[in-house]
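The structure appears right after this line, and notes come after that.
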Amino acid sequence: MILQDMSLNPPQQEAVVATEGPLLILAGAGSGKTRTLTARVAYLLEQGIRPWNILAITFTNKAAEEMRSRVRASAPEGDKVWVATFHSTCLRILRSGADRLGYGKDFSIYDTDDSRVLMRRVIKELDFDPKQFREREMLRQISAMKNKMISLAESEVTAASFREKRIARIYQEYQRRLMLANAMDFDDLLLNTVKLFEENEDILAYWRNRFRYILIDEYQDTNPAQFRFAELLAREHRNLCVVGDDDQSIYRFRGAEIRNILGFEKDFPESRVIRLEQNYRSTGHILGAANGVIAHNRSRREKTLWTSQEPGEKLIWREYEEAREEARGIARDIVKERDRFPYGDCAVLYRTNAQSRVLEEVFVAQGLPYRLIGGINFYERREVKDLLSYLRLIANPRDDVSLRRIVNVPRRGIGDSSLERVAAYSDARGLSLLEAMDQAEQIPDLKRAAGKIREFVDLISGLRMEALSLSVEALIERTLHKSGYYESLNEEDSIEAEARRENLQELVNKAADFGGEVGLEPLSQFLSEASLVADVDELESGEGKVVLMTLHSAKGLEFPKVYMAGMEQQLFPGDRVLFSGDEAELEEERRLCYVGITRAMKKLILSGAARRMVNGQFSTHLISQFVDEIPAEHIIRERQGLMMSRARYEEKRDRADYFSGFGRRESRPDYDTMGDRPFGADNFSRGFGKKAPSAPAPSPAAKEEKPLMTEFAVGDRVVSRRFGAGTLAQVEEQGQDLLLTVDFDKYGRKVLMAAYAGFTRE
């Protein structure tokens, strides 16, 4: 019944009915994986499996909601199936078992901003140099350790260097502070659930018995903690179905392990593998381009996307002189084709957030409506975070980070020095800040601030008592009035204050939709949902605005018309990847390009700029190697000649006379279209494409101080001041310089810019 109703193709049908044992569904981009998963759940229910025995895990709230709605529509008891993200699933499990780990069940969830605030305080109290131990970098390293399930004890034991030992100390203090505040960060939700399972056989047995059929979407993005979570739950019944595409694994920087999907059969030897390769999203030329690019990766499972649709339009490659012209060209093209592709059908994708600035400026100047994904999320706006901090403190009185945020918002005469005295008192006695404030009369030197502190404690205590008999909506209204927050906005009487009032009213509306239940438990559920919302989850179709977003944010989305901007070497792939020589990183960049290409349904335009402002200076760029990897039969190249392709610089590299000018950056044969010298202020004032006057040749003395590379050849032994002795392995052109690959005896392979290499012969 289900198979006929869902109109599935043969591989999809095979994946639906293979219900017993481990199964890997390799689902290419646009191959109908959500439909297949939905049909699989409906089929399980049709076979008599109880809905509460099925767990379906996704990576975004948007994907979870889409699957929930489809399952509800396809099966009578579909609304009883547990469909949620990893973090939401772990949160629900922890709400019933966190006390086994020493937490209260009303624990808070710290978002990125909350974690930074806490980390800043940890570094300060440990008296570590904040320039040496930056809060963002420390949080990144701690997140990586948590994703790899490295415990506090292990981090201390494995720390070898002085810096690693200090990072381990920061990790320990950060976790101690979280525990004291009865709070977890996002990574803790996963790590603590695994810990709860490993340390409590009865809890693990309960959830194993509950979830006999587990489905995990986007399996290529799982990290070691997520793998361990799934493996523990599925160890006995073995009914684990994972769906993913190794060609779309793009979150290595977040701890994702591509080996989870590449090594699935090793982890589950009895598993089956089914490939979904028919694409229902994109035209033939778009898929041909995607297949051509991704085929250059070695670490992948073989599959080829195909479609029964028409070939459609070929991809278009456009070259521009500089980044602002590129943005203007994109805007002109969007307006020109708006009758065929309305604004809401278009998306502009780019590698880094910084690239959005020029695009936004041009779009604003031309009155082009757009929506920026990756800007300020609704839940990250100041007034919204203020109110959520009040609510979190009401729900969890031990939440020190939330207390610090709103203790003097609006101003109530509790200064930093008074708060530090309270903090010292609380640290000495192992109290939370609110507990210490409740003893304000016993804290020395508070003076008049003690009365203000007492008023604040009474405010929070009173609101906590009222919360027992109020809905979340009513509690928000009461908090806004009793705290004086509404009154302070009314007194400000500005356009900005009006906008903040509107945002707060929107949060009230959100609470009204949440339901009318009263008490602290609904409040905790409301706060949990708010904590786990991402800005991409808020993206709605049909807004009538062009979407601007990074390639990473675009994963899982699709648009009739897509622009991929900044397709330049050193930008995409970037400098760090190119100079690292790490093939795994380059392959991940190529997978990201593949993701971008496969977002397009009908039309895809790639573009790049010959020069772009980077770190305050203009730099010249080659065409991205990913553009060169697109088969010629799938792409039309416009305005050729402004930018140099890899083929051109490889041709020049093979010409002996090319190296005759090496070492004199002002003399570069065949760069007449860009000027002979590196782009700087003088070149910009003369205009792009105008040849700058040649500078005098270096003096003989200068040549002795810095030998020309013409004295060297591939295979020569060279000595670098920084890396010592090595063998010159390769010479390639990079912009207006040369890229030298050297195998150093002590440091391995390094890639260096020739102008700064400072080589001498061994």
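In this text, all values refer to a predicted model and were calculated from it rather than measured experimentally. Sequential numbering from 1 along the given sequence is applied to the chain's residues.
Salt-bridge annotation for Asp458 and Arg454: present, with a side-chain N of the basic residue lying under 4.0 Å from a carboxylate O of the acidic one. Between Arg351 and Glu589, at least one side-chain N (NZ, or NE/NH1/NH2) sits under 4.0 Å from a carboxylate O, which counts as a salt bridge. Between Glu588 and Arg252 there is no salt bridge, since no side-chain N of the basic residue sits under 4.0 Å from a carboxylate O of the acidic one. Under a 4.0 Å N-O distance rule, the pair Arg121/Glu420 qualifies as a salt bridge. Checked for salt-bridge contact, Arg576 and Asp582 miss the test: no charged N lies under 4.0 Å from a carboxylate O. Remark: Asp111 engages Lys385 in a salt bridge, criterion side-chain N to carboxylate O under 4.0 Å. Under 4.0 Å is where a charged nitrogen must lie from a carboxylate oxygen, and between Glu66 and Lys62 no such pair does. Electrostatic pairing of Glu156 and Lys165 does not count as a salt bridge here, judged by no charged N lying under 4.0 Å from a carboxylate O. We find that Arg228 and Glu231 are joined by a salt bridge, their nearest charged nitrogen and carboxylate oxygen being less than 4.0 Å apart.
With contacts defined as side-chain heavy-atom distances shorter than 4.5 Å, the pair Phe572/Tyr350 does not qualify. Put simply, the side chain of Tyr171 does not reach to within 4.5 Å of the side chain of Gln141, judged on heavy atoms. Considering only heavy atoms from C-beta on, Ile460 stays 4.5 Å or farther from Pro397 through its side chain. Considering only heavy atoms from C-beta on, Pro224 comes within 4.5 Å of Glu257 through its side chain. With contacts defined as side-chain heavy-atom distances shorter than 4.5 Å, the pair Ile170/Leu126 qualifies. The shortest distance between side-chain heavy atoms of Glu455 and Val457 does not fall below 4.5 Å. At a threshold of 4.5 Å between non-hydrogen side-chain atoms, the residues Phe86 and Leu190 count as touching. When side chains are defined from C-beta on, Arg116 counts as touching Leu139, because their heavy atoms get closer than 4.5 Å.
Note that the CG atom of Leu191 and the CZ atom of Phe186 stand 15.5 Å from one another [nearest 0.5 Å]. To the nearest 0.5 angstrom, Leu475 atom CG is 4.5 Å from Ile394 atom CD1. Distance check, rounded to the nearest 0.5 Å: CE of Met179 to CG of Leu101 gives 7.0 Å. Annotation: the span from Arg177 atom CZ to Leu118 atom CG amounts to 7.5 Å, rounded to 0.5 Å. A distance of 7.0 Å separates CG in Leu180 from OG in Ser432, rounded to the nearest 0.5 Å. Between atom CG of residue Asn408 and atom CG of residue Leu419 there is a gap of 9.0 Å, rounded to the nearest 0.5 Å.
Between Tyr251 and His552, the angle of the ring planes lies from 30° to 60°, which puts this pair in the tilted group.
Closest of all the heavy-atom pairs between Ser426 and Leu433 is OG-CD2, 3.8 Å. Ser389 approaches Ile406 most closely through the heavy-atom pair CB-CG2, 3.8 Å. The heavy-atom pair separating Asp221 from Ala256 by the smallest distance is O-CB, 3.5 Å. Taking each heavy atom of Gly104 and Asn182 in turn, the nearest pair found is N-OD1, 2.9 Å. Shown here for Ser108 and Asn396, the closest heavy-atom pair between the two residues is OG-ND2, 2.9 Å.
Counting heavy-atom neighbours within 6.0 Å of Glu521 CD, excluding the residue itself, gives a total of 12 or less. Residue Asp416 qualifies as open at atom CG: its count of foreign heavy atoms under 6.0 Å is 12 or below. For Lys482, the NZ atom counts as densely surrounded, since its 6.0 Å shell holds more than 12 non-hydrogen atoms of other residues, nucleotides or ligands. Atom CZ of Arg163 has more than 12 neighbouring heavy atoms from other residues, nucleotides or ligands inside a 6.0 Å radius.
Between the side chain of Arg464 and the backbone N or O of Ala395, at least one donor-acceptor pair lies under 3.5 Å. For the pair Arg599 (side chain) and Leu557 (backbone), a donor-acceptor distance under 3.5 Å is present. Distance alone, capped at 3.5 Å, places no donor-acceptor pair between the Ser553 side chain and the Met549 backbone. Using modelled atom types, no side-chain atom of Ser418 and backbone atom of Ile414 make a donor-acceptor pair closer than 3.5 Å. Of the possible donor and acceptor atoms, one in the side chain of Ser528 sits under 3.5 Å from a partner among the backbone N and O of Ser524. Of the possible donor and acceptor atoms, one in the side chain of Asn147 sits under 3.5 Å from a partner among the backbone N and O of Arg254. In this structure, the side chain of Glu198 does not engage the main chain of Lys195 through any donor-acceptor pair within 3.5 Å. When atom types are taken as modelled, the side chain of Arg412 and the backbone of Phe456 share no donor-acceptor pair closer than 3.5 angstrom.
Between the side chains of Lys146 and Gln175, at least one donor N or O lies within less than 3.5 Å of an accepting N or O. No donor-acceptor contact under 3.5 angstrom links the side chains of Glu491 and Ser488, judged on distance only. Side-chain contact of Thr222 with Asn260: a donor-acceptor pair under 3.5 Å is present, judged by distance alone. Defined by atom type and a distance below 3.5 Å, a donor-acceptor pair is missing between the side-chain atoms of Glu435 and Gln439. Side chains of Asp575 and Gln570: a donor-acceptor N/O pair is present below 3.5 angstrom, by distance only.
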| field | Working for side chain to side chain donor-acceptor pair (under 3.5 Å), residues Gln355 and Thr352 | value | CA-CA 6 Å; Gln355 292 170 252; Thr352 65; 3.1 Å; yes
| Given Asp185 and Ser115, is the side chain to side chain donor-acceptor pair (under 3.5 Å) satisfied, shown in steps? | CA-CA 7 Å; Asp185 64 18; Ser115 296; 4.7 Å; no
| Steps toward side chain to side chain donor-acceptor pair (under 3.5 Å) verdict (Arg501, Asn490) | CA-CA 9 Å; Arg501 277 196 297 270; Asn490 291 334; 3.3 Å; yes
| task | I would like to know whether Glu137 and Arg140 meet salt bridge (Lys or Arg N to Asp or Glu O under 4.0 Å); could you show each step before the answer? | result | CA-CA 5 Å; Glu137 175 60 18; Arg140 187 192 67 79; 2.7 Å; yes
| said: For Asp400 and Arg405: C-alpha separation, side-chain torsions, deciding distance, then whether salt bridge (Lys or Arg N to Asp or Glu O under 4.0 Å) applies. | reply: CA-CA 9 Å; Asp400 288 356; Arg405 182 180 181 92; over 6 Å; no
| query | Does the pair Tyr485 and Thr479 meet the rule for a side chain to side chain donor-acceptor pair (under 3.5 Å), with working shown? | reply | CA-CA 8 Å; Tyr485 206 102; Thr479 301; over 6 Å; no
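A cation-pi contact, defined as under 6.0 Å to the ring centre and within 45° of the axis, links Arg95 to Phe107. Geometrically, Arg68 does not engage Trp82 in a cation-pi contact defined by less than 6.0 Å to the ring centre and at most 45° from the axis.
A centroid separation of 6.0 Å or more is found between the aromatic rings of Phe59 and His87.
Arg392 pairs with exactly one of Asp106, Asp386, Asp399 by the salt bridge (charged side-chain N to carboxylate O under 4.0 Å, His left out) rule, that one being Asp399.
Residue pairs meeting the ring-ring contact (aromatic ring centres under 6.0 Å, His included) criterion with at least one partner in residues 121-143, sequence neighbours excluded, are Phe128-Phe133.
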